[in-house]
S.K.: 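Provided herewith is a single structure, encoded as structure tokens, for subsequent inquiry.
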Amino acid sequence: MVIDMDFGAIITAVLVISLVGIFIGLFLGIAGLKLKVDVDPKEEQVVNTLPGNNCGGCGYAGCSALAAAIVKGEAAVNACPVGGDKVAKEIAKIMGVEAGESIRMTAYVKCAGDCDKAATDYEYSGVQDCRMLQFVPNGGPKACNYGCLGYGSCVKECPFDAIHLENGIAVVDKDKCKACGKCVTVCPKHIIEMIPYDAEYVVACSSNEKGPVVMKECQVGCIGCGICRKNCPSDAIDVTDFLAKIDPEKCTACGTCKEKCPKKTIHTH
């Protein structure tokens, strides 16, 4: 089979395509120059100093967004919870300011009602995700509606492998925790909070039920008796809505509250 080829037409097509390519290239190049956004050199330095986890624990979309906010003066140089004091000091040098004091924080699960201590209303065999239990009877099988559900939504969310399930409840490894806050956000029971890393004593309960109800639901739940508050020599404990809370700034770590608590709800952190 013989194919007639018009080489002139081929050459013309090649030239047209080449010219179109050159035109598009020039157009994009010019547009790039026109639309180019100049980035402050300090912003690039701050981005390179930040850990790069893009966890959102600072309240911004990622490390780049935080860096831009710091350079604009909209965020503090110590705004990154993951980087901690070391990163804050490095960023402070870049910005030419004082870093200020940074208090290391860590997540804490306010529940000690594990499989041995907390009562259950029924056996659950559905989706293993705490967020799904809002659709099941009583918000889950655990008798205490304030307790850790133990299906690990926080474990899956943690980017630092700092939370693990131990006998049916989530427990934070405070040395691994970077205080990004993802576990706090994902917990449907809102029983995870940020506390100072150096806090000595914590109340391992979140229940606001009255004492008699708590005693039926959990062996180690706070019954709001106020014995810890009455015996605290530094006035560091308050009881609100039948639940004790320790102020870490007032606490002198004497240990009296833990010793006097009849339900053993107060733990060493």
Side-chain angles (χ1 to χ4, degrees), residues 55-57 105-174 176-177 179-195 201-229 237-246 258 261-267 269:
C55 63
M105 304 295 282
T106 182
Y108 178 70
V109 181
K110 300 181 292 181
C111 180
D114 59 24
C115 294
D116 298 326
K117 300 180 182 70
T120 55
D121 293 329
Y122 57 88
E123 292 295 324
Y124 172 76
S125 58
V127 178
Q128 303 294 293
D129 190 313
C130 302
R131 292 166 291 186
M132 296 302 296
L133 268 68
Q134 62 182 308
F135 303 108
V136 305
N138 297 326
K142 185 171 280 189
C144 175
N145 289 326
Y146 296 88
C148 176
L149 295 167
Y151 293 104
S153 296
C154 55
V155 175
K156 298 167 190 171
E157 195 73 12
C158 179
F160 304 103
D161 191 35
I163 310 180
H164 300 93
L165 294 178
E166 296 182 9
N167 197 23
I169 59 172
V171 178
V172 177
D173 182 338
K174 72 175 190 176
K176 286 186 176 181
C177 179
C180 70
K182 286 196 169 186
C183 58
V184 176
T185 302
V186 77
C187 177
K189 292 290 186 178
H190 309 295
I191 63 170
I192 305 178
E193 71 175 5
M194 289 296 167
I195 64 173
Y201 293 96
V202 289
V203 178
C205 183
S206 299
S207 178
N208 292 127
E209 297 283 7
K210 294 181 179 180
V213 176
V214 174
M215 287 191 284
K216 292 179 181 179
E217 297 174 343
C218 183
Q219 298 174 21
V220 292
C222 178
I223 58 176
C225 64
I227 290 176
C228 55
R229 177 178 59 189
I237 304 178
D238 188 25
V239 179
T240 305
D241 294 331
F242 312 106
L243 180 65
K245 185 174 180 61
I246 301 172
K258 180 181 178 182
C261 179
K263 301 298 291 182
K264 306 303 177 187
T265 310
I266 299 177
H267 296 190
H269 182 232

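Count residues from 1 along the sequence.
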S.K.: Please report the shortest heavy-atom distance between I163 and A170, naming the atom on each side.
M.R.: CG2-CB, 3.9 Å
S.K.: Nearest 0.5 Å, what's the OG1-CZ distance between T240 and R229?
M.R.: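 Here the rounded value is 8.0 Å.
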S.K.: Only counting residues at least two apart or in another chain, list the ones meeting side chain to side chain contact (heavy atoms under 4.5 Å, CB included) with F242.
M.R.: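 Residues passing side chain to side chain contact (heavy atoms under 4.5 Å, CB included) with F242: K210.
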S.K.: Donor-acceptor pair, D114 side chain versus D116 backbone, under 3.5 Å?
M.R.: yes
S.K.: Side-chain contact, heavy-atom cut-off 4.5 Å: C187 with C154?
M.R.: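 Of all side-chain heavy-atom pairs linking C154 with C187, none is under 4.5 Å.
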S.K.: Starting at CD1 of I169, measure out to SG of C115 and round the result to the nearest 0.5 Å.
M.R.: 8.5 Å
S.K.: Where do V109 and I191 land on the side-chain contact (heavy atoms from CB on, under 4.5 Å) test, with the steps shown first?
M.R.: CA-CA 6 Å; V109 181; I191 63 170; 4.0 Å; yes
S.K.: Hey, does the side chain of S206 reach the backbone of K110 with a donor-acceptor pair shorter than 3.5 angstrom?
M.R.: yes
S.K.: Over all heavy atoms of both residues, which pair between Y124 and V136 is shortest? Give the atoms and the distance, please.
M.R.: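 So the minimum-distance heavy-atom pair works out to CE1-CG1, 3.8 Å.
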S.K.: Kindly determine whether K216 and E209 satisfy salt bridge (Lys or Arg N to Asp or Glu O under 4.0 Å), including the steps that lead there.
M.R.: CA-CA 11 Å; K216 292 179 181 179; E209 297 283 7; over 6 Å; no
S.K.: About how many Å separate CD of E217 and NZ of K142, when rounded to the nearest 0.5 Å?
M.R.: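 So the NZ of K142 and the CD of E217 are separated by 10.5 Å.
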S.K.: Keeping the roles fixed (side chain from Q128, backbone from G126), state whether a donor-acceptor pair exists under 3.5 Å.
M.R.: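 Yes, the answer is positive, given that a donor and an acceptor are paired below the 3.5 Å cut-off.
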S.K.: Can you confirm whether P159 sits close enough to K182 that some side-chain heavy atom of one is under 4.5 Å from a side-chain heavy atom of the other?
M.R.: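 They are in side-chain contact.
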S.K.: Which pair of heavy atoms, one from D121 and one from N138, lies closest together, and at what distance?
M.R.: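 So the minimum-distance heavy-atom pair works out to OD2-ND2, 4.0 Å.
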S.K.: Can you give me the closest heavy-atom contact between C183 and A107, atom names plus distance?
M.R.: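 Of all heavy-atom pairs spanning C183 and A107, the closest is SG-CB, 3.6 Å.
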S.K.: How long is the gap from NZ on K263 to CD1 on I227, to the nearest 0.5 Å?
M.R.: 11.0 Å
S.K.: Less than 4.5 Å apart, any side-chain heavy atom of V202 and any of I246?
M.R.: no
S.K.: Given side chains that start at C-beta, do those of V220 and C205 come closer than 4.5 Å, heavy atoms only?
M.R.: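 No; the side chains remain at least 4.5 Å from each other.
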S.K.: Is it true that, when you exclude K245 itself, more than 12 heavy atoms of the residues, nucleotides or ligands shown sit nearer than 6.0 Å to its NZ?
M.R.: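 Not buried by this count: 12 neighbours or fewer within 6.0 Å.
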S.K.: When rounded to the nearest 0.5 angstrom, what is the spacing between NZ in K258 and OG1 in T265?
M.R.: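 If I round to the nearest 0.5 Å, the distance is 12.0 Å.
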S.K.: Considering non-hydrogen atoms only, spot the tightest contact between D129 and S153 and give its length.
M.R.: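 Smallest heavy-atom distance, with atoms named: OD1-OG, 2.7 Å.
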S.K.: Short question: side chain of D241, backbone of N208 - any donor-acceptor pair under 3.5 Å?
M.R.: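 Looks like no, no N/O pair under 3.5 Å.
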S.K.: Can you name the closest pair of heavy atoms from C228 and A244 and give their distance?
M.R.: SG-CB, 3.8 Å
S.K.: I need the I192 CD1 to C111 SG distance, nearest 0.5 Å.
M.R.: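 Nearest 0.5 Å value for the CD1-SG distance: 10.5 Å.
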